[in-house]
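Predicted, not measured: the structure shown is a model, and the values here were computed from it.
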Amino acid sequence: MEFAIPLVSPFSLDHTLDSGQVFRWRRTGEWWLGVVSGGAVKARQGGDMLRCVTSSDRLDSAFFTSYFRLDEDLESVLGSISKDKPITEAVEKFYGLRLVRQDRWECLASFILATNANIPRIKKMVAEISARFGRAFEFEGETYYAFPTPGDLAEATISDLRSGGLGYRAPFLKSAATAVNNGQVDFEKVASLPYEESRKLLLSELFGKKVLVGVGPKVADCALLYSFGKDEAFPIDVWMTRVISDSYPRLLSKPLRARLRRDGRARLSAKEYETVSRSVRRHFGRNAGYAQQYLFMAAREPGAGF
DNA sequence: TAGCAGGAAAATC
DNA sequence: GATTTTCCTGCT
């Protein structure tokens with residue numbers, strides 16, 4: 001179907017789809033082409049309208065209003081995080097960038113694959129498992145593949161997944177798919193809890209044994225921010241570690257600050273991650289996740305100095 | 001070409 | 001309990 005959504009609150013389709021949150025969108029000329037919720041969509045922004053052509057009546061205006069969170073007041077969110085110069089500059093530069101409300105399983109699975117990989121590589125892995133294990137469908141004469149369901153991947157063998165270029169991530173993905181498929185992981189329950197507890201649940205810290213192998217602090221924060229609506233989640237990868245070290249050294253303990261200065265590629269231990277996370281969330285407040293996304297964009301800008 | 005980039009788990013101190 | 005090593009592949 002074809003429709004246009006009037007944009008009443010600031011929005012930048014380019015910044016939003018280019019910010020490393022989503023892995024199934026690509027730019028083709030003036031259009032962005034995406035596979036979302038088992039269907040395909042072509043989208044382009046013109047002035048204050050978002051034009052869409054989709055493969056299914058299910059992917060309608062209401063769907064994308066929710067997907068891009070267009071009914072939320074971005075200006076007030078950005079006002080709430082603009083506490084200092086670095087974030088204010090990032091917000092000006094990437095104005096209109098929004099957090100996307102993704103499918104929970106696709107998001108969790110994608111970020112399990114994202115460990116030790118950059119964005120092009122993550123996109124490649126996600127495309128590969130979709131083509132191999134996802135449902136095929138046609139749109140405008142081309143074949144597309146839905147993201148595989150937990151059931152699809154629970155049935156796949158680890159060696160099939162490995163040969164899709166996933167490497168050591170293959171068993172993690174299969175075990176997560178199995179756990180979700182079995183109902184061992186209750187997404188509704190995760191969504192209903194406040195941030196701190198929802199995180200503990202994903203990390204299996206509320207029970208004895210680890211359910212989601214391959215899901216550590218960073219992956220959990222990505223899933224919570226991008227698909228569970230936990231806007232205070234603040235995923236910290238190596239890029240964010242560099243931004244914090246560079247622009248927010250006072251949020252770090254003295255020894256950690258010194259270590260990060262010595263080694264620009266140092267990684268945080270689990271304990272340090274928790275400490276830094278608390279510190280940045282206290283600084284940016286309930287919309288810290290938006291701050292993270294804007295600072296991530298700024299860090300990845302050519303010329304950011306990293 | 002060898003070396004680098006990049007989170008979580010396992011191994012080891 | 002904290003630090004180090006291993007797990008992979010694409011890119012340069």
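- Considering A:Phe111, A:Phe147, A:Tyr226 as possible partners of A:Phe23, the one that fulfils the ring-ring contact (aromatic ring centres under 6.0 Å, His included) test is A:Phe111.
- Residue-level contact check: A:Pro217 touches the backbone only, with heavy atoms under 4.0 Å from sugar-phosphate atoms and none from bases.
- Spacing between atom CG of A:Leu203 and atom C1' of B:dA9 amounts to 13 Å, rounded to whole angstrom units.
- Comparing A:Arg121 and A:Val213 by the nucleotide of DNA chain B that holds the closest heavy atom to each, the one mapping nearer the 5' end is A:Arg121.
- Residues A:Ile129 and A:Leu173 come closest through the heavy atom pair CD1-CD2, 4.1 Å.
- Listed candidates were C:dC7, B:dA8, C:dG10. Nearest to the side chain of A:Asn116 is C:dC7.
- A:Ile112 places its CD1 atom 16 Å from the P atom of C:dC8, with the value rounded to the nearest Å.
- Within 6.0 Å of atom CZ in A:Arg51, 12 or fewer heavy atoms from other residues, nucleotides or ligands are found, so the atom counts as exposed in its surroundings.
- A:Ile119 places its CD1 atom 17 Å from the C1' atom of C:dT9, with the value rounded to the nearest Å.
- Distances shorter than 4.0 Å separate none of the side-chain N or O atoms of A:Trp239 from OP1 or OP2 on B:dA5.
- In this structure, A:Phe296 atom CZ and B:dG6 atom C1' are separated by 11 Å, rounded to whole Å.
- Scanning both residues, A:Met125 and A:Ala117, for their nearest heavy atoms gives CE-CB, 3.8 Å.
- Nucleotide C:dC8 holds its P atom 9 Å from the CZ atom of A:Phe172, rounded to whole Å.
- When the nucleotides C:dA2, C:dC8, B:dA9 are ranked by their closest atom to the side chain of A:Lys210, B:dA9 comes out on top.
- Residue A:Asp14 is tested with A:Arg44, A:Arg98, A:Arg27 for a salt bridge (Lys or Arg N to Asp or Glu O under 4.0 Å); the sole match is A:Arg27.
- For the OP1/OP2 pair of B:dA8 and a distance below 4.0 Å, the side-chain nitrogens and oxygens of A:Lys218 include no atom meeting the criterion.
- Minimum atom distance to the side chain of A:Val219 is reached by B:dA8, of the listed B:dA8, C:dG10, B:dG6.
- The distance from atom CG of A:Asn118 to atom P of C:dT12 is 10 Å, rounded to the nearest whole Å.
- Distance, A:Lys124 NZ to C:dC11 P: 5 Å, rounded to whole Å.
- Positionally, the nearest nucleotide of DNA chain C for A:Glu272 lies more toward the 5' end than for the other of A:Leu166 and A:Glu272.
- Atom CZ of A:Arg162 and atom C1' of C:dC7 are 8 Å apart (whole Å).
- Counting non-hydrogen atoms under 4.0 angstrom, A:Arg242 reaches the backbone sugars and phosphates but no base.
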